[in-house]
Amino acid sequence: MAKLPAIPAIPPQSVPLDAQARRAVARRAMRPPSKKGGGFQLFLLGVGVIALAVFAAPTCVLMVFGMVPSIVAYVVDRGKRPMLAFTIAPLNLAGLMPYLLELWTGHDQMPTVVHLLTNVYVWLVIYLSAGAGWLVFMGMPQVMTFVLQRSLDGRKEKLKALQSKLRADWGPQVGGGEDQI
Amino acid sequence: MSVQPQANPSMSTTSGATVRLKDRFDIHYDKPLPGLRSPAAPAFVAEDIKTPGTRHFALICDPKMPPRLEAVRKLQMLKSYGVLTPVEVGAVDWAPANRRMFAMVFEQPLGDRLAGPTDNAITPWGEEALVAHVVAPLVQTLLDLDREMLPHRGIRPGNIFFRDANRRIAMLGDCVTAPPGLYQSVVYETIEGGLAQSHTRGSGTTAQDLYALGVLVLHLLFGKLPCAGQTEEKIVEDKIKRGSFYALVSEQRVPTGLSELLRGLLVDDPQARWRLGDIQMWLDGRRMTLKQPAPAIRAPRGFEIDGEECETARHLALMLDMQEPEVAGRILRGPNFETWITRTLGDKQVVEAINTAFSTRSESAAGTSGQTAQLVSRVLMALDPPAPIRFRDAATAVDGIGALLAVTMLTGGDLMLPSEILSARLPQFWSLRQGSAKGEDQATIRFFDKMLRYLDDKRPGYGIERVAYEMMPGLHCLSPFIEARYVEQMRDMLPAIEFAVQAKTIDVSPIDRHIAAFIGVYENNVDDGLLYTLIHADPATRVLGTLQLLAYLQETYGPPMVPSLIQLFGQQAKPVIERFRSRYTRARMQTGLTAILKENSLRKLADYLDSADEQRKDAQRFQKARLEYQQTIKQVEKATQQTGELMSTAKLAGHSVAVKIASLISSAIIGVTLFAMGVL
């Protein structure tokens, strides 16, 4: 097995930090877009919807109307990856699932679909579940910010404490002050 | 004076009214012997505790006058009965003076002095008795001394004893307790010796002893000091103008039998003066032909100074020396002087020497007046080459410069004078004027060039102090810390420093410029670099340098215990320990120091504080810590940078987590729904 190249413990001091940051940004820019091949997927989705409409029209209608929040989220999310849609869609589907089951376990007929779609509580359940997804989507970055901030602060405190200890043990010269030797 | 018993056996101890010298002689300082004293060295009874019954006396040297220690060594090797020879010498704790003094123990002569130390008038001696009982034994002694190249330089009636109670064999007295010729009357000195200051006459040669012997013969013969009643200046001037023989004999009639001897001994030209072999032949009854010295060139017309007509260059030099340097300088630069020298006197050698004197560059810290004084001094040397170096108020033989420097230091005089003599290269100029054997001149010039280098070197171990110890062997260390301990050999140095620390005379650095120079002269093994550390800017390096130096002295000479010095260094160890960067190392060193101090060894303390291994380890650990610190700085910077990017990162991560959470929740809801509706 070929040996991995040794990873230097410390980056070379000659490289300035802002240069490292620029390099990191450049690496990120070079990542292939996540929506590569999105047209084909959309085509497959279209084919699936048409097939569903042909073979299970009530289910198709209920899903089209019930998954509107997810579709909207997909449309409005202009990110490289439609994270909003990915968050809302599962919960949206979970909200829709009781009515899909009701449809599948009862008579899979259009009047049942109409009955369901005319029931305001059905809409409320479906949209609340999608809203919950939206809330999760909106809230998680705040939570992550809080967690990461705490983590970084803790790390910096530890480093500062180590610096203080080194200074106490070796004097200010350890930090690059005037060398008396 | 509280006299501390010393561990060093070579040092003296005291008991009652006695002080012991080197475990052999008890010197009774309550029993003076006025009949045996030297002018500045009182005599006391000394008892040989190893050989009771012998009669000894001790001379206690004046600490302001350096003794002739080289002469002591030569005399001890010579073991001549014809001169008082020190049996034992050394410094002793001299309670009456509340300090240490240099003592010399001699065997007491059986006979008494030829005359009292201050007696100018004495009973005249008969010609035969004089030759048989004084001249013959003294010549024999001088022959012994000449073999060791040791001029006595103290031949005078007050310094001559008899080896027997019947006063039949004369012997020379003390010649070692003071600089050569110090207590000689000007009458007993040659013209050159008379021109010099009494303490700077230098060792000279046996020829000067023979001149003094000639004066002694005259003195004993007539029963009174020649030229008695005249001032010293007048005596010297008379000798210059008339020649020593005529100046000293004056109107008196010299017996025919001694005339030849006196004429031979009192010749002013040392080359033409009788030598010891000539006197021996004369004593054996051979009649000698007097060597006629070349007469001094006389000018047909004298050069007038202060109404005095100077016909010879030597006389002119004397008269110029009597003037103030500025006045003499004006005379020298005047047109009459040049005319007189070149046309009237017409001595080519003098003209050439004066030209050299004028062309020699004069540089002086004293400015123009200093330059004039240097010019005058050089011209005096050109006019009268054998005369001593005369510069401002100093008049010194070239081999008396050491004594000049030493006495100036001992008496707290102005050191500028001897310094300027050396800086102006006057001894070198004097040497070049002598026209003696070339090798001798060159050796003198090289020696003084070396002294000049030492003088100009301001680092510890050099400077004027080093010059003094180099030029005056036997001069004790004149450091204010230990001067009263009379350290004249290295083995006494550390006990003296320990004593000074104990007496709180030393409270900071135990080594000053004098001690450093003394060590530099007598310790070839001490590296100059070690001496330079004594003035290092870093206090720790200074302390360590001092400690290493004293540790070397303790290892080499002892004593094994120096508790006060150890404590002093214990107090001064802080900056040394502070050199270690690690506080743990510092704490460990500080803790271990107490145990090391208890061991009372300067070497162990030096090795402990100056451990190269500890320093290397400390430096390595420090580099490691420094590296670690640099890494923490980078990591803190990275964390700060990450804080700046926190929002975007948290957004990405939050959305990703939101997807996962939504997936999990929805899976759970779907599962529950399926279960509740009986699908599962």
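Just the heavy atoms: all of them, side chains too, but no hydrogens, waters or symmetry mates, feed the values below. Numbered from 1 within each chain, the chains take letters A, B, ... in sequence-line order.
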Is there side-chain contact between M647(B) and T145(A), with heavy atoms separated by less than 4.5 Å?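 Yes, close enough: below the 4.5 Å cut-off.
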
Quick one: are V659(B) and R81(A) in side-chain contact, heavy atoms under 4.5 Å?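 Contact flag for V659(B)/R81(A) side chains = no.
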
Interface moiety of S656(B) toward chain A, non-hydrogen atoms closer than 4.5 Å: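 Contact with chain A is through both the backbone and side chain of S656(B).
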
Interatomic distance, [X] atom [atom1] to [Y] atom [atom2] [nearest 0.5 angstrom]:
X       : Y       : atom1 : atom2 : result
D169(A) : F622(B) : CG    : CZ    : 11.5 Å
L93(A)  : I670(B) : CG    : CD1   : 4.5 Å
L674(B) : M97(A)  : CG    : CE    : 6.5 Å
E637(B) : L159(A) : CD    : CG    : 11.0 Å

Any idea which of V636(B), L646(B), V672(B) has the most non-hydrogen atom pairs under 4.5 angstrom with chain A?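 When all of V636(B), L646(B), V672(B) are compared, L646(B) has the most.
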
Work out which heavy atom in A168(A) is nearest to a heavy atom in R583(B); give both atom names and the distance.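 Shortest heavy-atom separation between A168(A) and R583(B) comes out as O-CD, 3.4 Å.
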
Provide the closest heavy-atom pair for R626(B) versus Q173(A) in the form atom of the first, atom of the second, distance.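 Heavy atoms only, the tightest pair is NE-O, 3.8 Å.
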
Single hit among R621(B), K624(B), E628(B) for side chain to side chain contact (heavy atoms under 4.5 Å, CB included) with W170(A):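 Of all the options given, the one that passes is R621(B).
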
Below 4.5 Å, heavy-atom pairs only: which of Q163(A), K156(A), E102(A) has the largest tally toward chain B?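 So the answer, after comparing Q163(A), K156(A), E102(A), is Q163(A).
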
